[in-house]
Protein chains: 2
Amino acid sequence: MAAHTHPRQNLTELTARLRQHAQRITGPRQLILEVLRREEHPLTARQIHEQLDCDLATVYRSLRLLEEMAMVKRFDFGDGTARFELLGQNDDGHHHHLVCRECSTVVEIGECFSGNLEQRIANQHGFASVSHRLEFFGLCPDCQAA
Amino acid sequence: MAAHTHPRQNLTELTARLRQHAQRITGPRQLILEVLRREEHPLTARQIHEQLDCDLATVYRSLRLLEEMAMVKRFDFGDGTARFELLGQNDDGHHHHLVCRECSTVVEIGECFSGNLEQRIANQHGFASVSHRLEFFGLCPDCQAA
DNA sequence: GTCTACTTGCAAATGATTTGCAATAAGGGG
DNA sequence: CCCCTTATTGCAAATCATTTGCAAGTAGAC
């Protein structure tokens with residue numbers, strides 16, 4: 001998964017991609033990638049901000065940029081707060097999560113239903129470039145005990 | 001699907017369920033159900049409010065109550081605004097949507113992947129009462145043409 | 001009809017995210 | 001290595017969806 005990327009790789013890739021967008025390699029942008037690289041689960045903008053020393057608005061702006069450059073992926077756990085995960089260079093980030101309804105523990109899920117279903121749905125309704133958002137919710141072992 | 005419920009049925013069910021919760025049958029609560037019954041797609045609190053004549057806060061409070069009573073179901077299309085759909089008495093509301101990324105046209109999707117996958121994921125990680133949230137996004141026929 | 005607890009309207013509070021703008025810094029050119 | 005242009009940042013204020021406090025209003029049991 002994405003979190004295993006070597007730090008230098010991030011920076012190299014960041015530089016390359018930023019060049020393509022004619023944008024600059026700044027401290028905050030590098031730092032956000034560092035923070036995300038350290039975490040194996042998606043983080044909220046606020047959580048990222050807590051580990052940095054720049055403005056929260058900058059975090060939001062950078063995340064948006066990194067998302068457009070496909071270096072981070074946004075996830076939505078339905079609690080009104082976006083979460084972000086690092087993407088590797090050849091990683092399309094297609095995976096899902098299993099989230100505990102009580103304590104918010106997150107487990108990454110690699111599996112997914114067959115692309116078949118998506119294709120069928122697209123065809124059936126004449127839609128193009130169909131993608132999906134899928135997350136699982138439940139009670140983790142600890143919270144079942146409690 | 002839920003939208004085919006007869007109006008009187010709504011009211012009867014509403015009365016019954018409200019009784020169970022020791023709560024009152026008020027104008028706004030009935031009206032919200034009426035509005036939802038007329039629509040075949042999920043509506044935002046604001047959209048419901050526009051068709052009524054009560055406070056927005058009341059709409060939010062009522063929707064929350066109706067959701068707890070399993071009379072409406074909340075959907076999240078990832079745009080930061082919750083949407084609500086009416087549920088019939090014996091309807092668990094388990095269905096998904098295919099949403100156009102351009103014009104937000106919504107199509108209801110009855111199919112889903114086999115419960116098998118969900119079961120396997122739950123077992124694999126020791127989670128209980130696992131459910132999922134799944135929505136599809138794409139370009140509708142009209143927007144492909146444009 | 002009365003009474004009481006549940007509800008509503010209204011205004012203000014919250015929380016996530018965005019935006020305007022002046023000050024600052026990245027990086028190509030000399 | 002300095003300069004200059006332009007992207008970027010920090011800060012404060014604005015947005016947006018949703019929630020909440022509170023006094024006034026009203027279902028519904030008696």
Side-chain angles (χ1 to χ4, degrees), chain A residues 11-12 14-36 42-69 71-85 104, chain B residues 11-36 42-69 71-85 99 104:
Chain A
L11 191 52
T12 306
L14 173 62
T15 305
R17 297 212 190 174
L18 281 174
R19 285 237 177 77
Q20 290 170 15
H21 290 245
Q23 270 146 341
R24 292 171 185 171
I25 300 160
T26 66
R29 288 174 188 174
Q30 291 177 56
L31 289 173
I32 287 173
L33 289 180
E34 289 299 307
V35 171
L36 287 175
L43 294 182
T44 64
R46 189 169 298 280
Q47 289 172 322
I48 294 171
H49 175 243
E50 281 164 6
Q51 300 189 42
L52 294 179
D53 173 40
C54 70
D55 198 80
L56 182 56
T58 298
V59 174
Y60 276 108
R61 280 187 283 229
S62 299
L63 284 171
R64 182 180 271 255
L65 176 70
L66 292 170
E67 186 190 9
E68 282 165 10
M69 302 192 330
M71 293 198 64
V72 306
K73 181 162 178 180
R74 175 189 304 257
F75 286 94
D76 177 2
F77 290 176
D79 67 347
T81 309
R83 303 185 188 238
F84 302 85
E85 253 184 33
S104 297
Chain B
L11 191 52
T12 306
E13 196 189 350
L14 173 62
T15 305
R17 298 211 189 175
L18 281 173
R19 285 237 176 77
Q20 289 170 15
H21 289 245
Q23 269 145 344
R24 294 173 183 169
I25 301 160
T26 66
R29 289 174 187 174
Q30 292 177 54
L31 289 173
I32 288 174
L33 290 180
E34 289 298 305
V35 170
L36 287 174
L43 294 181
T44 64
R46 189 169 298 281
Q47 290 172 322
I48 293 171
H49 175 243
E50 282 164 3
Q51 300 189 43
L52 294 180
D53 172 41
C54 70
D55 198 79
L56 220 204
T58 297
V59 174
Y60 277 107
R61 281 188 282 229
S62 299
L63 283 171
R64 182 179 269 253
L65 176 69
L66 292 170
E67 186 189 10
E68 283 165 10
M69 302 194 326
M71 292 198 65
V72 306
K73 181 162 180 181
R74 176 189 304 257
F75 287 94
D76 178 2
F77 290 175
D79 66 347
T81 309
R83 297 175 196 245
F84 302 84
E85 252 183 33
V99 186
S104 298

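All chains are named by letter (A, B, ...) in the order of the sequence lines, taking the proteins before the strands, and each is independently numbered beginning at 1. From a predicted model like this one, the values you see are computed outputs, not experimental measurements.
- Contacts of Arg61(A) classified as side chain to side chain contact (heavy atoms under 4.5 Å, CB included), with partners at least two apart in sequence or in another chain: Ala57(A), Thr58(A).
- For residues 72-81 of chain A, the side chain to side chain donor-acceptor pair (under 3.5 Å) pairs, not counting sequence neighbours, are Glu67(A)-Arg74(A), Asp79(A)-Arg83(A).
- Distance Glu67(B) CD to dT18(D) P: 11 Å, rounded to the nearest Å.
- In this structure, Leu63(A) atom CG and dT9(D) atom C1' are separated by 15 Å, rounded to whole Å.
- When side chains are defined from C-beta on, Leu66(A) counts as touching Met69(A), because their heavy atoms get closer than 4.5 Å.
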Generate the contact string for nucleotides 23-30 of chain D. Rules: B means base contact, S means sugar-phosphate contact only, - means no protein heavy atom under 4.0 Å.
---BBS--
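- With values rounded to the nearest 0.5 angstrom, Leu63(B) atom CG is found 11.5 Å from His49(B) atom NE2.
- The two residues Ala45(A) and Leu56(A) make their nearest non-hydrogen contact at O-CD1, 4.0 Å.
- When the C1' atom of dT7(C) is taken as reference, atom CD of Gln30(B) falls 14 Å away, rounded to whole Å.
- Across the interface with DNA chain D, nearest-nucleotide mapping of Ala57(B) and Thr81(B) shows Thr81(B) to be the residue nearer the 5′ end.
- Whole-Å rounding puts the Glu68(A) CD to dA7(D) P distance at 15 Å.
- When the side-chain nitrogen and oxygen atoms of Tyr60(A) are compared with OP1 and OP2 of dT17(C), one or more of them lie within a distance under 4.0 Å.
- The CG atom of Leu65(A) sits 15 Å away from the C1' atom of dT6(D) (whole-angstrom rounding).
- To the nearest angstrom, C1' of dA17(D) lies 16 Å from CG of Leu43(B).
- Here Gln47(A) pairs with Thr44(A) under the side-chain hydrogen bond (donor to acceptor under 3.5 Å, both in side chains) rule; sequence neighbours left out.
- Side-chain contact between Ser104(A) and Phe77(A) is absent, with no heavy-atom pair separated by less than 4.5 Å.
- Note that OG of Ser62(A) is 11.0 Å distant from CD of Gln30(A), once rounded to the nearest 0.5 Å.
- Straight-line distance from the CD1 atom of Ile32(B) to the P atom of dT8(C): 8 Å, rounded to whole Å.
- Of all heavy-atom pairs between Arg24(A) and Arg29(A), the closest is O-NH1, 2.7 Å.
- Across its full length, the helix from dG1(C)-dC30(D) to dG30(C)-dC1(D) shows an angle of 30° between the axes of its 5 terminal pairs at either end, rounded to 10 degrees.
- The shortest heavy-atom contact between Ile32(B) and Val59(B) is CD1-CA, 4.0 Å.
- DNA chain C is contacted by both Arg61(B) and Ala45(A); Arg61(B) maps to the nucleotide lying nearer its 5′ end (nearest heavy atom per residue).
- Annotation: proximity of residues 46-56 of chain A to DNA chain D (heavy atom, distance under 4.0 Å) is found for Cys54(A), Asp55(A), numbered in ascending order.
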Just do the side chain to side chain contact (heavy atoms under 4.5 Å, CB included) check on Gln51(B) and Leu43(B) with the steps written out, would you?
CA-CA 11 Å; Gln51(B) 300 189 43; Leu43(B) 294 181; 4.2 Å; yes
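- Scanning both residues, Phe84(B) and Val72(B), for their nearest heavy atoms gives CD2-CG2, 4.2 Å.
- At a threshold of 4.0 angstrom between heavy atoms, the contacts of Ala82(A) are confined to the sugar-phosphate backbone, with no base atom among them.
- Using a 4.0 Å heavy-atom criterion, one finds that Arg64(B) contacts the sugar-phosphate atoms exclusively.
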